[in-house]
K.L.:
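One structure, as structure tokens, below. Some questions next.
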Amino acid sequence: MTFTQERTLAAKVRADFPILHQQVNGKPLIYLDNAATSQKPKAVLEMLQNYYQGYNSNVHRGAHTLSAQATEAYEAARDKVAVFVNAANRDEIVYTRNASEAINLVAYSWGMSQLQPGDEIILTVMEHHSNLVPWQIVAQRTGSVLKFVELTETQEFDLEQFKTLISNRTKLVAVGHVSNTLGCINPVQEIIAIAHRWGAKVLLDACQSVPHMTVDAQALDCDWLVASGHKMCAPTGIGFLYGKLALLKSMPPFLGGGEMIADVFLDHSTYADLPHKFEAGTPAIAGQLPSVLRSITSPALA
Ligand SMILES: Cc1ncc(COP(=O)(O)O)c(C=O)c1O
């Protein structure tokens, strides 16, 4: 692409983002903090407005037309996310508020129920706090032990050291796909294969990878994968957890409330099928809808 073509494309993309049509500190706004949160293109803003003006209502509950429309759009978005990460089954996609909540879901549901004193969790020193603090809490409560993969001289994942850390005491490897601090792309295919050979589960923090590259959950064979929508043009307050179906089925609920129940009695309840078992309360309905857009990045790039 020539420089002129690049400038034309950049201008087309910028035109899609109303927030960029302003001056900050006397200069046209140039926003590069997309790894923290991306800006929202017109198509997303319009979709939010259409929802609130056209069919705002609660999902899965009402017997009326608006609720049916909202539910249909909301569940269509789940199908899109399932295709986006190549899940084997749409029920493997659980909506969360963000990636942090998705990691906490796994930590509290799977970690608290499965980990025993002396079990080991392998993280890396480059993890985002979201993929560190929940495991610190789980380790404190279960007596499991945290181990850390260090960096090589070139500030990358030290695969050789990882191989010396992992053992049959390792029950979980929780690792970022692309580091938010270093930008390095971790060799997750190899990490996952090694972890599975030792019988450990793998949680992949894909927050910084899914906005930029194709991520195929089945090909990678990760057990869980988490990401946030707001880093790829969706509104804040929406993220997702992918988990292998059998594993999600075996996990106890994380939060209790409406939506996640099948039958409720005064002294006990039974739980809804996947994915609703993990989706207590009214979700961020409008926030999820932009996933149904043909392109989740700028339409100018589509
Ligand atoms: C690698 C990584 N993991 C997790 C998170 C947490 O995302 P959220 O704040 O949307 O939960 C971030 C956010 O910057 C991140 O970059």
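Only heavy atoms go into these numbers, but all of them, side chains included; no hydrogens, no water, no symmetry mates. We count ligands from 1, going down the list as the structure has it; atoms in each ligand are counted the same way.
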K.L.:
Is Lys231 in contact with ligand 1, taking contact as a heavy-atom separation below 4.0 Å?
P.N.:
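Yes, Lys231 has a heavy atom closer than 4.0 Å to ligand 1.
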K.L.:
Looking only at protein heavy atoms, which one is nearest to atom 8 (P) of ligand 1, and how far off is it?
P.N.:
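Going atom by atom, the protein heavy atom closest to atom 8 (P) of ligand 1 ends up being Ser228 OG, 3.5 Å.
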K.L.:
Has Phe3 got more than 12 heavy atoms of other residues, nucleotides or ligands less than 6.0 Å from its CZ?
P.N.:
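No - once you tally the heavy atoms of other residues, nucleotides and ligands closer than 6.0 Å, there are 12 at most.
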K.L.:
Report the relative orientation of the aromatic rings in Tyr108 and Phe254; use parallel for angles under 30°, tilted for 30 to 60°, perpendicular for over 60°.
P.N.:
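Rings of Tyr108 and Phe254: tilted, as their planes differ by 30° to 60°.
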K.L.:
Can you tell me which residue and heavy atom of the protein come closest to atom 6 (C) of ligand 1, and the distance to 0.1 Å?
P.N.:
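Among all protein heavy atoms, the one nearest atom 6 (C) of ligand 1 is Ser130 OG, 3.3 Å.
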K.L.:
Does the distance from a Lys or Arg side-chain N to an Asp or Glu carboxylate O, for Glu92 and Lys249, drop under 4.0 Å?
P.N.:
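Not counted as a salt bridge, because no side-chain N and carboxylate O are separated by less than 4.0 Å.
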K.L.:
Out of all atoms in ligand 1, which are within 4.0 Å of some heavy atom of Gln208? Include the element for each.
P.N.:
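Per the distance check, 1 (C), 15 (C), 16 (O).
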K.L.:
Below a 4.0 angstrom heavy-atom separation, can you tell me which part of Cys207, side chain or backbone, both or neither, approaches ligand 1?
P.N.:
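Answer for Cys207: side chain.
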K.L.:
Under 4.0 Å from a heavy atom of Ser100: which atoms of ligand 1 are those, numbered in the order shown and with their elements?
P.N.:
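Near Ser100, the atoms of ligand 1 are 6 (C), 8 (P), 9 (O), 11 (O).
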K.L.:
Which protein non-hydrogen atom lies closest to atom 15 (C) of ligand 1, naming both residue and atom, and how far is it?
P.N.:
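Protein heavy atom at minimum distance: His128 CD2, 3.3 Å.
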K.L.:
Would you say CG of Asp267 has more than 12 non-hydrogen atoms from neighbouring residues, nucleotides or ligands within 6.0 angstrom?
P.N.:
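For Asp267, atom CG is crowded (more than 12 foreign heavy atoms under 6.0 Å).
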K.L.:
Given that the side chain starts at C-beta and the backbone is N, CA, C, O, which of these parts of His230 lies under 4.0 Å from ligand 1, counting heavy atoms, or is it both or neither?
P.N.:
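The side chain, only.
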K.L.:
Kindly indicate, with the supporting measurements, whether the criterion side chain to side chain contact (heavy atoms under 4.5 Å, CB included) is fulfilled by Leu203 and Asn131.
P.N.:
CA-CA 9 Å; Leu203 180 143; Asn131 198 27; 3.9 Å; yes
K.L.:
Is the closest heavy-atom distance from Asp205 to ligand 1 below 4.0 Å?
P.N.:
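Judged by the 4.0 Å heavy-atom criterion, Asp205 does count as contacting ligand 1.
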K.L.:
Using the ring of each side chain (for Trp, its six-membered ring), is Tyr51 parallel, tilted or perpendicular to Tyr55, with breaks at 30° and 60°?
P.N.:
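Tyr51 and Tyr55: perpendicular rings.
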K.L.:
How long is the gap from CH2 on Trp224 to CG on Leu248, to the nearest 0.5 Å?
P.N.:
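The distance works out to 8.5 Å.
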